[in-house]
Amino acid sequence: MFMRWSRSSQIVGLMRFVHETLAQRVRFATGSARGQLTDEIEQSAFRRPMVISTRGQREVAEEVCGDVSVGVWHHDVAMHVPIHLAERARSVAGNERVDSVIAVGGGSTVGLAKAVALTTSLPIVAIPTTYAGSEATNVWGITENGQKMTGSDARVLPQAVILDAELTVSLPVDLAMASGLNALAHCIDSMWAPRADPINASLALEGMRALRAGLPQVKADPSSLQGHEETLFGAYLAAVAFASAGSGLHHKICHVLGGMFDLPHAQTHAVVLPHVLALNGAAAPTVQARIGQALGSTSADEGLAELRRALQAPSALRDLGMPESGIVRAAQTLESLIPPSNPATLSGDELRALLRACWEGIGQS
Ligand code: NAD
């Protein structure tokens, strides 16, 4: 039986839930992204795809798309999808009469492809090169005037995802660790997000196990294909769980901070996660125990702290460029965004205290 928490921390209810599984083809094939993409393009009869990648990943994109007849290459990508870049990419897609979008890159690249799909309904093939997990969700995000707007729409869910661990080996190790913790945040937040259910909890817990196994291997040997493969698998499970469960408190906080202060996405997740886990875990002891078990520890907090020490995770938002004055501003915005499903209740003062702890890195290694 799936044990649900209640605000009073008691186990409530029998198993009853509505779960939606998003339809997507997954091609998991380490070392074979190029061949898998060719198969996908043939199977879908795409004739004129637009390929999106950052300039830094141009060569990787060219290699992966080596057997594809590309309609147009597009490299104007930036974190959190600024509106002007979304509009530029949409007009390129329209002017070039493309019939599909291939995204080769991290969450920012996939995010731009989603912005294009949102207004054009073009199908996306996503080839992720980080552990951000955007490829598994129907969630889009666009930033305008320092505010990140998000929404969910079936048009932005990639029709196919090609997961090739060879493409993550080039990640700088610090970014790989932060990105892996971003994936872990998807798992943990999925345990108490608005649509948390036993199916996405199962995916999330297995995702935690895979990430805990894979990330230390990557840290110890950044060229370890096995470590990258395990991490990429965990990150995909994490993203599928998150896509189903929705955004919990942790994601609300990171989205507000990311949009307001243009903070690096993965690192922000890595910093905020232990604070939200400590807060919510205390209010949901059954869930906390399951997370602890998945992280190989008797306590979720200690399991995460051990992993963060091993990965030398970033610990303070001030080190990522957030101004101290931003604490109050972010707390004001967040007050109305706390999901009703959140196990812990939070006053405005508690929210500010949590953000201050994240900013200062209090209690983190
Ligand atoms: P990113 O895509 O911004 O990439 C960070 C940097 O790493 C970029 O310069 C990129 O070129 C580089 N990079 C990517 N892969 C690399 C590799 N294998 N080797 C070397 N360099 C590489 O970072 P991210 O953390 O993947 O994505 C963050 C964005 O994704 C945020 O805007 C976030 O909101 C979004 N996101 C959206 C969802 C969703 O469901 N919509 C989910 C997760 C993240």
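Since the structure is predicted, the reported quantities are computational estimates derived from the model, not experimental observations. Position 1 is the first residue of the sequence, and the numbers go up from there.
Once rounded to the nearest 0.5 Å, the distance linking CG of L337 with CG of L351 reads 9.5 Å. Atoms OG1 and CD1, from T109 and I127 in turn, are 11.5 Å apart once rounded to the nearest 0.5 Å. Rounding to the nearest 0.5 Å gives a distance of 11.0 Å between OG1 of T143 and NE2 of H84. One distance of note links CG of L277 with CD1 of I188; it measures 5.0 Å at 0.5 Å rounding. Note that CD1 of I142 and CG of L118 are 6.0 Å apart. Values are rounded to the nearest 0.5 Å. Atom CG in L257 sits 12.0 Å away from atom CG in D262 (nearest 0.5 Å).
V72 is not connected to V125 by any chain of hydrophobic side-chain contacts under 4.5 Å among Ile, Leu, Val, Met, Phe, Trp and Tyr, and they are in different clusters. L37 and M50 are members of different hydrophobic clusters when ILVMFWY side chains are connected at heavy-atom separations under 4.5 Å. Residues V173 and L181 share a hydrophobic cluster, clusters being chains of Ile/Leu/Val/Met/Phe/Trp/Tyr side chains in contact below 4.5 Å. L157 and V116 are members of different hydrophobic clusters when ILVMFWY side chains are connected at heavy-atom separations under 4.5 Å. No chain of hydrophobic side-chain contacts below 4.5 Å, direct or via other Ile, Leu, Val, Met, Phe, Trp or Tyr residues, connects V92 to I102.
Listed for the N138 side chain is no donor-acceptor partner under 3.5 Å among the backbone atoms of V156. Between the side chain of R155 and the main chain of A117, no donor-acceptor pair closer than 3.5 Å is present. A donor-acceptor pair under 3.5 Å is formed between the side chain of N95 and the backbone N or O of S91. Panel note: side chain Q24, backbone P158; a donor-acceptor pair is recorded below 3.5 Å. No donor-acceptor pair under 3.5 Å is formed between the side chain of R209 and the backbone N or O of A294. In this structure, R308 contributes its side chain and G303 its backbone to no donor-acceptor pair below 3.5 Å. At distances below 3.5 Å, not a single donor-acceptor pair connects side-chain atoms of N145 with backbone N or O atoms of Q147. W192 places no side-chain N or O within 3.5 Å of a backbone atom of G248 that could act as its donor or acceptor partner.
Residues A196 and S190 approach most closely at CB-O, 3.4 Å, considering heavy atoms. Taking every heavy atom of both residues into account, P128 and V161 meet most closely at CD-CG1, 4.1 Å. Taking each heavy atom of A331 and L355 in turn, the nearest pair found is N-CD1, 3.6 Å. Contact between L211 and T231 at its shortest, heavy atoms only, is CD2-O, 3.5 Å. Residues P49 and S69 approach most closely at CD-O, 3.2 Å, considering heavy atoms. A316 and W359 get closest at one heavy-atom pair: CB-O, 3.4 Å.
Residues E135 and I162 have side chains not in contact (no heavy-atom distance under 4.5 Å, counting atoms from C-beta outward). Put simply, the side chain of T120 does not reach to within 4.5 Å of the side chain of V98, judged on heavy atoms. Contact of the S134 side chain with the W140 side chain is not registered, since no non-hydrogen atoms from C-beta on lie closer than 4.5 Å. Side-chain contact between S244 and I199: absent, with no pair of heavy atoms (C-beta onward) separated by less than 4.5 Å. Looking only at side-chain heavy atoms (C-beta outward), L354 and I253 come within less than 4.5 Å of each other. Between Q43 and D39, every side-chain heavy-atom pair lies at or beyond the 4.5 Å cut-off. When side chains are defined from C-beta on, Q267 counts as touching L175, because their heavy atoms get closer than 4.5 Å. Residues H228 and Y131 form a side-chain contact, since some pair of their non-hydrogen atoms from C-beta on lies under 4.5 Å apart.
Counting non-hydrogen atoms of neighbouring residues, nucleotides and ligands closer than 6.0 angstrom, the CD atom of Q293 reaches no more than 12 such neighbours. A 6.0 Å sphere centred on CZ of R47 holds no more than 12 heavy atoms belonging to other residues, nucleotides or ligands. By the 6.0 Å contact criterion, CZ on F46 is enclosed, its count of non-hydrogen atoms from other residues, nucleotides or ligands being greater than 12. Atom CD of E96 is surrounded by more than 12 heavy atoms from other residues, nucleotides or ligands within 6.0 Å. Under a cut-off of 6.0 angstrom, the local environment of CD in Q226 is sparse, with at most 12 non-hydrogen atoms contributed by other residues, nucleotides or ligands.
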Item to check | Residues F28, Q36; criterion side chain to side chain contact (heavy atoms under 4.5 Å, CB included); working and verdict | outcome: CA-CA 9 Å; F28 200 105; Q36 290 294 328; over 6 Å; no
Item to check | Check against side chain to side chain contact (heavy atoms under 4.5 Å, CB included), K114 and T137 | outcome: CA-CA 10 Å; K114 287 178 164 183; T137 82; 2.8 Å; yes
Item to check | Chi angles and distances behind the side chain to side chain contact (heavy atoms under 4.5 Å, CB included) call for D301, Q288 | outcome: CA-CA 8 Å; D301 292 345; Q288 187 194 42; 3.9 Å; yes
Checklist entry - Between V51 and V68, does a side chain to side chain contact (heavy atoms under 4.5 Å, CB included) hold up when you go through it step by step? => result CA-CA 10 Å; V51 178; V68 173; 5.9 Å; no
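Checked against the 6.0 Å centroid threshold, H251 and H269 count as a close aromatic pair.
Remark: the Q57 side chain and the T129 side chain contain an N/O donor-acceptor pair separated by less than 3.5 Å. For the residue pair Q159 / E40, a side-chain donor-acceptor distance below 3.5 Å is found, with atom types taken as modelled. Residues E302 and S297 have side chains that never bring a donor and an acceptor to within less than 3.5 angstrom of each other.
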Pairs under 3.5 angstrom only: tabulate donor-acceptor contacts from the side chains of residues 58-66 to other protein residues two or more places apart or in another chain.
unit_1: E63; atom_1: OE1; unit_2: R34; atom_2: NH1; d: 3.3
unit_1: E63; atom_1: OE2; unit_2: R34; atom_2: NH1; d: 3.3

Please output the side-chain donor-acceptor pairs of residues 74-82 that fall under 3.5 Å, not counting sequence neighbours, one pair per line with the distance.
unit_1: H75; atom_1: ND1; unit_2: S53; atom_2: O; d: 3.2
unit_1: H75; atom_1: ND1; unit_2: S53; atom_2: OG; d: 3.0
unit_1: D76; atom_1: OD1; unit_2: R55; atom_2: NH2; d: 2.6
unit_1: D76; atom_1: OD2; unit_2: R88; atom_2: NH1; d: 3.2
unit_1: H80; atom_1: ND1; unit_2: K148; atom_2: NZ; d: 3.0
unit_1: H80; atom_1: NE2; unit_2: L263; atom_2: O; d: 3.1

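M191 pairs in a side chain to side chain contact (heavy atoms under 4.5 Å, CB included) with only one of the listed residues (T286, L205, N200, N280), which is L205.
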